[in-house]
Peer 1: 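If you scroll down you'll find the structure; I have some questions about it.
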Amino acid sequence: MASGSKTAIDPQSANAFGASADAERIFDAFRQWGYLEADLDPLGFLRPSPRPELQLRGRAAEEARRVYCATIGAEFMHLEDTGRRRWIQERLEGPQTEVDQDHVLDQLMRADLFEQVLQQRYLGNKRFSLEGVTALIPLVDEIIEAAGEYGAVELVMGMSHRGRLNVIVHVARRVPEEVFAGFEDVDPRSVLGSGDVKYHMGATGEYETRTGHKVHIHLVSNPSHLEAVDPVTVGRTRAKQDRAGADGTRQYLPLLVHGDAAFAGQGILAETLNLADLPGYSVGGTVHVIVNNLLGFTTLYSEEQSSRFAAQISRRQDIPIFHVNAEDVDAVIRVGRLALDYRYTFGSDVVIDMIGYRRHGHSEVDDPTITQPLIYKAIKDHPPLWEIYAEDTGIADAQARADAVRAEFEAAQSRAKSVRKKPSLRQLPGYWDTFKGGRYRAQYDVETGLSANEIQAITARLTSYPEDFHIHPKVKKLLEQRSEMGEGKRPLDYGMAEALAFASLVKAGVPVRLSGQDSRRGTFNQRHSVLIDTENEHEYMPLQHVTESQARCEIYNSSLSEAGVLGFEYGYSRDYPEALVLWEAQFGDFANVAQAVIDQFISAGEDKWGLLSGLVLLLPHGYEGQGPEHSSARVERFLQLAARDNFQICQPSNAAQYFHLLRRQGLRHWRKPLVVFTPKSMLRHPDASSPVGNFSLPHFLNVLPDAEVRDPERILLCTGKIGHELRTERKKRKDTSTAIVFVEQLYPFPEAELVAELERHDGARDIVWVQEEPANMGALFYVLPRLRRIAGKRGVLSVKRSASATPATGSSKAHDVEQKTLLALAFSTKA
Ligand SMILES: Cc1ncc(C[n+]2csc(CCOP(=O)(O)OP(=O)(O)O)c2C)c(N)n1
Ligand SMILES: [Mg+2]
């Protein structure tokens with residue numbers, strides 16, 4: 001079906017009729033509806049849908065039909081901007097660019113024969129063949145070719161399983177031996193408990209275009225969870241662009257390759273699309289390619305989506321969709337060029353929906369004739385794409401060329417056994433020290449205190465704004481209070497502690513980026529990072545005016561998404577390791593909507609792929625009578641994921657500790673994700689505020705010892721808010737025999753500090769873990785065995801709410817009763 005350069009549209013087509021209003025009307029009808037009658041499925045199962053609007057005759061109709069109902073179906077009349085619509089129509093109706101058919105044939109052969117050699121040599125192995133949609137390889141080649149001409153230096157590519165091995169060889173240009181080696185037997189001891197399967201691993205490589213441009217290829221590591229890699233890829237791109245400066249969006253091009261079922265079905269894709277034009281998240285346009293085989297595993301397209309095309313989820317946005325028949329490879333190439341030009345002209349996302357088929361079962365090992373017997377009957381006798389293309393283009397020596405390509409792959413395959421295995425990822429350290437160019441240094445701890453003078457100087461900047469700025473009276477008061485805090489006249493609360501941490505970090509050259517829902521003001525009215533002029537809504541961000549030479553500080557209100565935004569920030573943190581990157585949940589439990597990002601990337605990325613991230617998650621947590629959904633950040637889930645130093649899990653119980661924790665994360669050259677359970681009611685509570693002197697202490701303390709009680713008979717161990725309530729209760733009871741110790745870092749478990757604290761109080765008989773959460777939640781299951789191990793002969797008891805199906809009661813009165821009982825039990829429980 002290859003059309004070759006012969007099908008170039010007559011440049012006079014539309015213009016010849018330009019004078020006639022009728023002709024224009026006819027063309028408009030085809031521009032609007034033509035894609036529905038287009039010939040898009042090579043096997044013909046997805047039939048054109050005849051439109052009454054297009055039952056038109058005459059030369060204009062014939063010409064318009066040739067443009068809009070052939071093998072490209074362009075959906076673009078929904079675009080709001082007339083200029084963009086006209087741009088697309090002129091490109092489609094005007095002269096078509098030449099295609100280097102010789103080059104295309106070569107790529108199709110390579111793509112198909114690579115799969116066939118894998119099939120023959122490793123029968124019964126999963127590889128997720130590209131056959132049926134091998135036009136992806138020349139399509140991506142054309143995209144890179146065009147990107148190189150625009151000055152792109154890197155293609156940041158996210159994709160799932162289908163065709164990934166083919167892409168690693170033909171796009172990332174790794175030698176095929178490397179991929180073949182992945183199919184050879186390996187010593188299981190070298191990968192046990194870490195690493196990942198071959199069709200998920202990331203890859204990098206160099207691509208030299210035919211016009212001599214060098215484009216680095218970065219294929220992002222990908223979990224099985226379909227589309228989860230989308231926001232990660234876009235976030236990584238944004239970080240690279242931010243580093244590059246003004247030219248970033250030109251230099252770094254994101255390309256996402258999707259399956260049709262996943263594109264239609266997975267919400268995280270929709271969340272990612274929605275980030276496209278938001279200031280904190282835009283990347284100057286992402287190119288999306290749907291590798292559409294009209295199947296998802298065993299499921300037919302008509303069961304996948306409530307629309308004709310999988311691509312139609314993207315119709316909600318102002319972006320064009322180009323459906324294209326995967327067997328008209330020249331049309332595919334033209335669509336690739338058109339999409340790239342569109343991205344670079346308008347800084348917009350663009351979707352290519354390339355429709356082909358899947359030659360084998362989903363993963364080659366299952367038999368598709370059981371579920372789609374008719375489709376597979378048609379596929380059985382359908383020749384590979386390179387043969388069709390060779391015939392259509394009349395390239396004579398195709399078979400001989402194919403034999404040579406096959407021999408090349410077979411030779412590579414026979415060399416595969418001797419390819420040296422990569423060392424296990426297990427040995428990779430968590431340190432990160434590339435930006436100073438030095439050797440790895442274990443800098444786990446760094447001094448985080450600031451002198452009183454430094455605090456005062458920063459406070460002055462944080463609390464001032466331009467003279468003509470009309471400040472809101474409530475914000476004015478808050479800044480006045482912060483000013484007093486910085487001068488040591490009143491204790492510092494969390495909001496001030498955080499502002500001081502951020503300001504001091506950017507002053508020291510560490511960029512800060514925070515995003516989350518309503519994060520600029522702060523869900524609990526605690527942050528006020530951006531001042532808004534009451535007269536004109538002009539903005540002033542004191543954190544951007546700390547010093548002349550400071551690093552950037554960015555705080556964004558995110559879209560109402562968790563998975564999409566958290567994935568984005570994880571990606572960002574990957575490519576901006578010298579920055580402190582934070583994501584904030586509105587309430588901690590909303591992070592569960594992003595569970596795949598937490599499970600598949602944040603907690604597992606280092607183990608699977610050897611990739612480091614210093615991302616911080618801020619998760620408001622605490623039992624305050626607000627009901628089942630606003631109480632718990634699900635501490636237990638994070639603790640269950642913790643192993644092999646994969647991340648840090650902390651609950652700083654006062655403002656100064658929060659300050660030191662953020663600075664520790666930003667300053668040390670050791671990149672590990674940090675999960676912080678942050679307070680709500682304690683944000684401004686005097687008990688959790690800290691005197692200014694505590695900000696000059698040298699370090700974050702993993703354990704806060706009890707300084708008040710000398711020889712306790714009982715030690716209460718806890719984290720966060722409940723500890724302050726226990727202290728109040730102790731005062732009320734005039735109790736002098738109970739020590740209250742805060743475990744500020746739950747993971748890695750601060751065993752040495754806790755042992756020291758228990759030894760210091762060796763007269764205490766009872767050691768009690770106290771938590772607000774029910775028995776089946778919170779840190780209980782995690783701390784109890786660890787405490788028992790270090791408590792020796794002394795008993796370890798626990799006080800908690802009864803096991804429950806929900807984190808907390810919906811009744812605030814019941815909450816109060818429960819809380820009182822907890823406190824009473826904490827002081828009375830005996831072994
Ligand atoms: C979130 C998620 N759910 C389910 C699966 C299991 N799964 C793997 S591939 C696949 C079908 C994907 O179809 P499509 O997106 O069209 O890609 P194709 O394999 O057809 O290229 C499914 C259901 C998965 N990997 N991720
Ligand atoms: Mg599919």
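Residue numbers count from 1 along this sequence. The structure displayed is predicted, hence computed values, not measured ones.
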Peer 1: Under the salt bridge (charged side-chain N to carboxylate O under 4.0 Å, His left out) rule, what do Arg513 and Glu569 come out as? Steps first, then yes or no, please.
Peer 2: CA-CA 9 Å; Arg513 176 189 163 98; Glu569 300 304 341; 2.7 Å; yes

Peer 1: Can Arg243 be said to sit on top of Tyr576's aromatic six-ring, NZ or CZ under 6.0 Å from centre and within 45° of the ring axis?
Peer 2: yes

Peer 1: Has Asp277 got more than 12 heavy atoms of other residues, nucleotides or ligands less than 6.0 Å from its CG?
Peer 2: no

Peer 1: Walk me through whether Lys672 and Glu606 qualify under salt bridge (charged side-chain N to carboxylate O under 4.0 Å, His left out).
Peer 2: CA-CA 9 Å; Lys672 290 283 176 178; Glu606 187 178 356; 2.7 Å; yes

Peer 1: For the rings on His724 and Phe742, is their centre-to-centre separation under 6.0 Å?
Peer 2: yes

Peer 1: Quick one: do Lys800 and Glu773 satisfy salt bridge (charged side-chain N to carboxylate O under 4.0 Å, His left out)? Show the steps, please.
Peer 2: CA-CA 6 Å; Lys800 65 273 174 187; Glu773 297 87 350; over 6 Å; no

Peer 1: Just checking, Arg668 and Phe700: is the charged tip under 6.0 Å from the six-membered ring centre and within 45° of the axis?
Peer 2: no

Peer 1: Under 4.0 Å between a Lys/Arg side-chain N and an Asp/Glu carboxylate O for Arg801 and Glu772?
Peer 2: no

Peer 1: Please tell me whether Tyr572 and Asp242 have a donor and an acceptor in their side chains that are separated by less than 3.5 angstrom.
Peer 2: yes

Peer 1: Out of His362, His200, His258, which residue meets the ring pair (Phe, Tyr, Trp, His ring centres under 6.0 Å) rule with His161?
Peer 2: His362

Peer 1: Is there a donor in the side chain of Glu271 and an acceptor in the side chain of Ser559, or the other way round, less than 3.5 Å apart?
Peer 2: no

Peer 1: Would Ser613 and Arg671 count as having a side-chain donor-acceptor pair, cut-off 3.5 Å?
Peer 2: no

Peer 1: How about Phe587 and Phe524: are their ring centroids closer than 6.0 Å?
Peer 2: yes

Peer 1: Around atom NZ of Lys126, are there more than 12 heavy atoms from other residues, nucleotides or ligands closer than 6.0 Å?
Peer 2: no

Peer 1: Checking Phe601 against Trp609 for the ring pair (Phe, Tyr, Trp, His ring centres under 6.0 Å) test, could you report, in this order, the C-alpha distance in whole Å, the side-chain angles of both residues, the deciding distance, and whether it holds?
Peer 2: CA-CA 9 Å; Phe601 291 95; Trp609 309 313; 5.6 Å; yes

Peer 1: Would you please name every residue forming a salt bridge (charged side-chain N to carboxylate O under 4.0 Å, His left out) with Asp589, sequence neighbours left out?
Peer 2: none

Peer 1: For Arg574 and Leu612, indicate whether the former's side chain and the latter's backbone hold a donor-acceptor pair under 3.5 Å.
Peer 2: yes

Peer 1: Closer than 4.0 angstrom, basic N to acidic O: yes or no for Arg789 and Glu751?
Peer 2: yes

